[in-house]
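In what follows, a single structure is set out as C-alpha cells and then discussed.
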Amino acid sequence: MKGERLDRLLARLGLGSRKEVARLVRAGRVRVAGEAVRDPGFHVPEGVSLELDGKPLAVRRHHHVLLHKPAGYVTSRTEGPSVYALLEGFPTRDLAPVGRLDKDTEGLLLFTTDGELLHRLTHPRHKVEKRYLVHLERPATREDREAFREGLVLEGKRLLPAELSWDQDPTRVELVLREGRFHQVKRMFQARGNRVLYLKRLSLGPLTLGDLPKGRARYLRSEEEEALYRAVRLFTDLLRGK
Ligand code: URA
C-alpha cells in the first residue's frame, strides 16, 4: 500500500516514539483527512490533513544542525567572523544557537529551529550535561574537584555541582556542567586561581561530535533527534498535553 505508516509519520513529526504515538492513535486522538484512525499501521496517503485532539498537525519538521565550531568564530549573527558563515546551505534564517561558545572555544555547537527545545536545553532545570575538554595553565587539584562538586559560588550565585576529572596530566582535564552561564568554565577556573588556555565542548546531552570535521556542520540523525527530545522530556510533556 502507498503512503507512510501513521505511527512512523507521527514519530517523525516529533510527537513521540513509535510506541508512544501508537498509544495516541489507539486512543482515537488522531484524525486523518477528518476521520479518526485507530490503527497505528494505517498507511497515510500523501497530502491529507492530520489532526491531534482536533488540532491540525504542522507537517513541517524542525531542523537541528550540529556544527564543529573552530576557534576564531563568534556565536552571533551581527559580529564577525560569524558561526553562520559556516552554515551555508542550511536554513540559517530560522536556526538559533543552543547557548554560545566563546570566540576562542571549539567544539560542539547545536542550532535549532525549535524554540521550546532550545529553552529546555539551556534551562538549568533540565540539567542537560555539557562536557568540556580544558587545558589549564596550572595543574588542577583535588581541592578544585571538591569545590566544583559542592557547587562553586560565583558572584553570590551557587553553581550546580560539576564534575572535574583527569587521567595522567592534571593540566588536561574534563569538566561536566549542567548549566551554561556566561564564560562559565573560564570563570570557574579563574575563581580557583587558574587559567583556561584551551577549551573545547565535547558533548551536549546525548550528542557528541563523532567524526564531524572541524568547521563542518550536519543535520542531526533521527535517533539523535529523538534522544535529544527525550533528554529534556519534550515528548512526554507533549503527550500529556502540556
Ligand atoms: N564556558 C566558557 O567559559 N566559554 C565557553 O565558550 C563555554 C563555556
Side-chain angles (χ1 to χ4, degrees), residues 65-76 79-87 97-112 118 121-124 126-218 220 224 227-228 231:
V65 175
L66 195 64
L67 170 68
H68 187 160
K69 178 190 175 299
Y73 287 83
V74 187
T75 313
S76 161
E79 284 173 63
S82 164
V83 287
Y84 283 94
L86 301 166
L87 299 181
V98 177
R100 286 162 197 280
L101 292 181
D102 297 336
K103 187 173 180 181
D104 58 355
T105 302
E106 299 187 341
L108 190 157
L109 186 57
L110 179 70
F111 294 80
T112 181
L118 189 152
L121 286 171
T122 49
H123 198 289
H126 288 279
K127 300 189 175 61
V128 176
E129 288 189 355
K130 297 160 197 82
R131 200 155 48 89
Y132 292 91
L133 170 66
V134 193
H135 294 183
L136 296 166
E137 191 172 61
R138 294 196 284 114
T141 63
R142 294 209 329 243
E143 289 74 28
D144 293 333
R145 197 164 57 197
E146 265 318 295
F148 288 179
R149 187 182 289 152
E150 276 174 20
L152 211 61
V153 178
L154 275 188
E155 287 159 18
K157 274 226 163 90
R158 186 174 289 279
L159 301 178
L160 291 175
E163 277 130 47
L164 178 62
S165 62
W166 59 89
D167 282 337
Q168 304 292 328
D169 179 356
T171 64
R172 303 279 188 270
V173 302
E174 276 193 23
L175 181 65
V176 178
L177 302 184
R178 293 181 181 77
E179 60 197 327
R181 297 181 187 279
F182 188 59
H183 297 325
Q184 184 166 339
V185 176
K186 291 174 185 165
R187 285 164 63 226
M188 286 172 73
F189 283 102
Q190 197 179 25
R192 299 293 305 169
N194 207 334
R195 198 160 74 90
V196 171
L197 302 178
Y198 169 82
L199 185 57
K200 178 177 185 179
R201 180 149 70 192
L202 301 171
S203 64
L204 170 68
L207 304 179
T208 57
L209 284 169
D211 54 9
L212 184 65
K214 204 186 287 186
R216 300 290 294 274
R218 65 165 173 82
L220 288 191
E224 291 174 313
L228 195 61

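Checking each of L177, V134, L164 against M188 for a side chain to side chain contact (heavy atoms under 4.5 Å, CB included) leaves exactly one that passes, namely L177.
Residues forming a side chain to side chain contact (heavy atoms under 4.5 Å, CB included) with V74 (at least two apart in sequence, or on another chain): S76, E79, K103. By the side-chain hydrogen bond (donor to acceptor under 3.5 Å, both in side chains) test, T112 is found to be paired with H64, residues two or more places apart in sequence or in another chain being considered. With sequence neighbours left out, the salt bridge (Lys or Arg N to Asp or Glu O under 4.0 Å) criterion links D169 to no other residue. Take R145 and apply the side-chain hydrogen bond (donor to acceptor under 3.5 Å, both in side chains) test, not counting sequence neighbours, and it matches no residue. The side-chain hydrogen bond (donor to acceptor under 3.5 Å, both in side chains) search around H123 returns none, not counting sequence neighbours. With sequence neighbours excluded, the residues forming a side chain to side chain contact (heavy atoms under 4.5 Å, CB included) with S165 are E174, listed by chain and number. Legend: residues meeting salt bridge (Lys or Arg N to Asp or Glu O under 4.0 Å) with R149, ordered by chain and number and at least two apart, are E146. Residues meeting the ring-ring contact (aromatic ring centres under 6.0 Å, His included) test with F189, sequence neighbours left out: F148. Partners of R216 by salt bridge (Lys or Arg N to Asp or Glu O under 4.0 Å), not counting sequence neighbours: none found. The salt bridge (Lys or Arg N to Asp or Glu O under 4.0 Å) search around E179 returns R181, not counting sequence neighbours.
Here the shortest heavy-atom pairing between V98 and L109 reads O-CD1, 4.2 Å. Between N194 and A140, the closest heavy-atom pair is ND2-N, 4.5 Å. L202 approaches L108 most closely through the heavy-atom pair O-CD1, 4.0 Å. Among all heavy-atom pairs drawn from A217 and V65, the shortest one is CB-CG1, 3.8 Å. Shown here for A147 and R192, the closest heavy-atom pair between the two residues is CB-NH1, 3.6 Å. The two residues P206 and A231 come nearest to each other via the heavy atoms CD-CB, 4.0 Å.
With T75 contributing its side chain and L101 its backbone, the two residues share a donor-acceptor pair below 3.5 Å.
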Before giving the answer on salt bridge (charged side-chain N to carboxylate O under 4.0 Å, His left out), spell out for R131 and E163 the whole-Å C-alpha distance, their side-chain angles and the decisive distance to 0.1 Å. CA-CA 9 Å; R131 200 155 48 89; E163 277 130 47; over 6 Å; no
Is there a side chain to side chain contact (heavy atoms under 4.5 Å, CB included) between T171 and L197 once you walk through the steps? CA-CA 10 Å; T171 64; L197 302 178; over 6 Å; no
D144/R138 under salt bridge (charged side-chain N to carboxylate O under 4.0 Å, His left out): CA gap, chis, key distance, verdict: CA-CA 12 Å; D144 293 333; R138 294 196 284 114; over 6 Å; no
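Counting only heavy atoms from C-beta outward, the side chains of V83 and P97 never approach each other to under 4.5 Å. Residues R187 and E155 meet the side-chain proximity criterion, which asks for heavy atoms closer than 4.5 Å. Between V196 and L136, the closest side-chain pair of non-hydrogen atoms falls below 4.5 Å.
Under the 30°/60° scheme for interplanar angles, the aromatic rings of H135 and Y198 are found to be tilted.
Residue pairs that meet the salt bridge (charged side-chain N to carboxylate O under 4.0 Å, His left out) test with at least one member in residues 202-214, sequence neighbours left out, are E106-K214. Counting only residues at least two apart or in different chains, salt bridge (charged side-chain N to carboxylate O under 4.0 Å, His left out) contacts with residues 194-207 comprise E137-R195.
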